[in-house]
Amino acid sequence: MRLIAIAAVLLGAIAPAAVRARQAADDQTPKSQWDRVYSLPQAKRGETLYVQSCAACHAIDLTGGEIAPALTGGDFAATWNELTLGDLFERIRVSMPQNDPTSLSRAQKADILAYVLSKGGYPDGEAELPSQTEVLRTINFLAMKPGAP
């Protein structure tokens with residue numbers, strides 16, 4: 001009887017530790033844009049900014065223009081595949097809009113990136129996409145959804 005009680009106590013101590021270890025491992029799994037990394041309200045803000053600052057070159061439907069690439073579709077996904085959202089954000093941050101890259105704040109550019117992700121069909125979530133490059137570099141851009149055939 002005493003052995004059963006000791007075993008129960010030990011299992012009670014080990015089980016929560018195992019759960020914590022599993023959660024820590026899950027936290028270490030690299031995120032991608034498929035993991036709901038932006039919010040719908042953020043994408044809505046980004047849409048307004050996109051129309052004002054980006055659509056003239058990249059087209060209202062994000063399909064690109066004569067001098068600007070598409071921001072959605074297969075070519076876009078192939079270009080950014082296996083890079084990070086930090087890489088994409090930095091491209092936007094330092095060079096867009098082309099006529100005045102300093103006209104938009106980091107937060108506004110993160111909102112625009114959220115809009116681009118929403119138009120690409122990537123799922124929205126509860127949290128907003130951050131505007132810190134180092135954090136965005138922990139989020140991979142994957143052309144194919146993980147686990148998809």
Side-chain angles (χ1 to χ4, degrees), residues 10-149:
L10 287 176
L11 282 176
I14 293 171
V19 169
R20 284 191 302 276
R22 173 70 183 172
Q23 287 171 336
D26 287 346
D27 290 344
Q28 298 301 318
T29 302
K31 282 187 172 183
S32 77
Q33 84 281 10
W34 296 100
D35 293 316
R36 303 179 181 278
V37 296
Y38 71 93
S39 71
L40 191 55
Q42 182 181 31
K44 293 284 187 194
R45 290 192 312 266
E47 179 178 18
T48 301
L49 293 164
Y50 177 88
V51 169
Q52 294 169 351
S53 301
C54 312
C57 294
H58 292 279
I60 196 78
D61 61 358
L62 289 78
T63 57
E66 275 186 37
I67 62 167
L71 300 177
T72 189
D75 287 343
F76 176 79
T79 298
W80 293 100
N81 188 40
E82 297 187 6
L83 295 174
T84 70
L85 292 188
D87 298 323
L88 179 53
F89 180 78
E90 277 301 295
R91 170 71 62 88
I92 295 166
R93 188 184 71 76
V94 302
S95 63
M96 298 294 140
Q98 192 172 20
N99 63 342
D100 188 4
T102 62
S103 64
L104 296 170
S105 70
R106 292 177 77 92
Q108 289 172 314
K109 290 181 180 189
D111 291 352
I112 291 169
L113 180 53
Y115 174 65
V116 169
L117 294 174
S118 74
K119 294 303 283 185
Y122 306 109
D124 62 272
E126 297 297 318
E128 294 207 343
L129 193 64
S131 61
Q132 297 84 16
T133 302
E134 58 277 1
V135 177
L136 291 169
R137 285 207 167 120
T138 68
I139 306 170
N140 294 320
F141 185 94
L142 302 175
M144 300 296 295
K145 185 174 185 177

- Task: Report the relative orientation of the aromatic rings in Tyr115 and Tyr50; use parallel for angles under 30°, tilted for 30 to 60°, perpendicular for over 60°.
- Result: tilted
- Answer yes or no: is there a side-chain heavy-atom contact under 4.5 Å between Leu104 and Pro97? yes
- Task: Please lay out, stage by stage, how Thr84 and Thr138 fare under the test side chain to side chain contact (heavy atoms under 4.5 Å, CB included).
- Result: CA-CA 7 Å; Thr84 70; Thr138 68; over 6 Å; no
- Does Val116 reach the side chain of Phe76, with side-chain heavy atoms less than 4.5 Å apart? yes
- Are any non-hydrogen side-chain atoms of Gln98 and Ile67 less than 4.5 angstrom apart? yes
- Task: Spell out, as yes or no, whether a donor-acceptor pair under 3.5 Å connects the side chain of Trp34 to the backbone of Leu142.
- Result: yes
- Task: Please name the pair of heavy atoms, one in Asp61 and one in Thr63, separated by the smallest distance, quoted to 0.1 Å.
- Result: OD1-OG1, 2.6 Å
- Donor-acceptor under 3.5 Å (Tyr38 side chain, Leu113 main chain): no
- Item | Distance (rounded to the nearest 0.5 Å) between Asn99 CG and Cys57 SG | 7.5 Å
- Item | Nearest heavy-atom neighbours spanning Ile92 and Lys109 | O-NZ, 3.4 Å
- Item | Between CD1 on residue Ile112 and CD on residue Glu47, distance to nearest 0.5 Å | 11.5 Å
- Item | From CG (Asn140) to CG (Asp87), nearest 0.5 Å | 9.0 Å
- Task: Find out whether Leu136 and Pro130 are in side-chain contact, i.e. whether some heavy atom of one side chain is under 4.5 Å from a heavy atom of the other.
- Result: yes
- Item | N/O donor-acceptor pair under 3.5 Å between His58 side chain and Pro69 backbone | yes
- Item | Heavy-atom closest pair, residues Ala59 and Gly64 | CB-O, 3.6 Å
- Task: Would you check, one step at a time, whether the test side chain to side chain contact (heavy atoms under 4.5 Å, CB included) holds for Gln52 with Thr48?
- Result: CA-CA 6 Å; Gln52 294 169 351; Thr48 301; 3.7 Å; yes
- Message: Assess whether a salt bridge exists between Glu134 and Arg137, defined as any Lys/Arg side-chain N lying under 4.0 Å from an Asp/Glu carboxylate O.
- Response: no
- Message: Would the distance check show the side chain of Lys119 and the main-chain N or O of Leu71 forming a donor-acceptor pair, the cut-off being under 3.5 Å?
- Response: no
- Here the gap from Leu40 atom CG to Asp124 atom CG, rounded to the nearest 0.5 Å, amounts to 5.0 Å
- Just by modelled atom types, is the Leu129 backbone N or O under 3.5 Å from a matching donor or acceptor in the Gln42 side chain? yes
- Message: Take a 6.0 Å sphere around CG of Asn81 and say whether it holds more than 12 heavy atoms from other residues, nucleotides or ligands.
- Response: yes
- Tell me the ring pair (Phe, Tyr, Trp, His ring centres under 6.0 Å) pairs involving residues 81-101, sequence neighbours left out? none
- Task: Could you check if a side-chain atom of Leu83 sits within less than 4.5 angstrom of a side-chain atom of Leu88, using non-hydrogen atoms only?
- Result: no
- Message: Using side-chain heavy atoms (C-beta onward) and a distance below 4.5 Å, is Arg91 in contact with Trp80?
- Response: yes
- Taking the side chain as C-beta and beyond, is there a heavy-atom pair between Arg45 and Glu128 under 4.5 Å? yes
- Note on the structure: Output for pair (Ser53 OG, Met96 CE), nearest 0.5 Å, gives 11.5 Å
- Nearest-0.5 Å distance that lies between atom OG in Ser105 and atom CG in Leu49: 8.0 Å
- Whether over 12 other heavy atoms sit under 6.0 Å from Arg106 CZ: yes
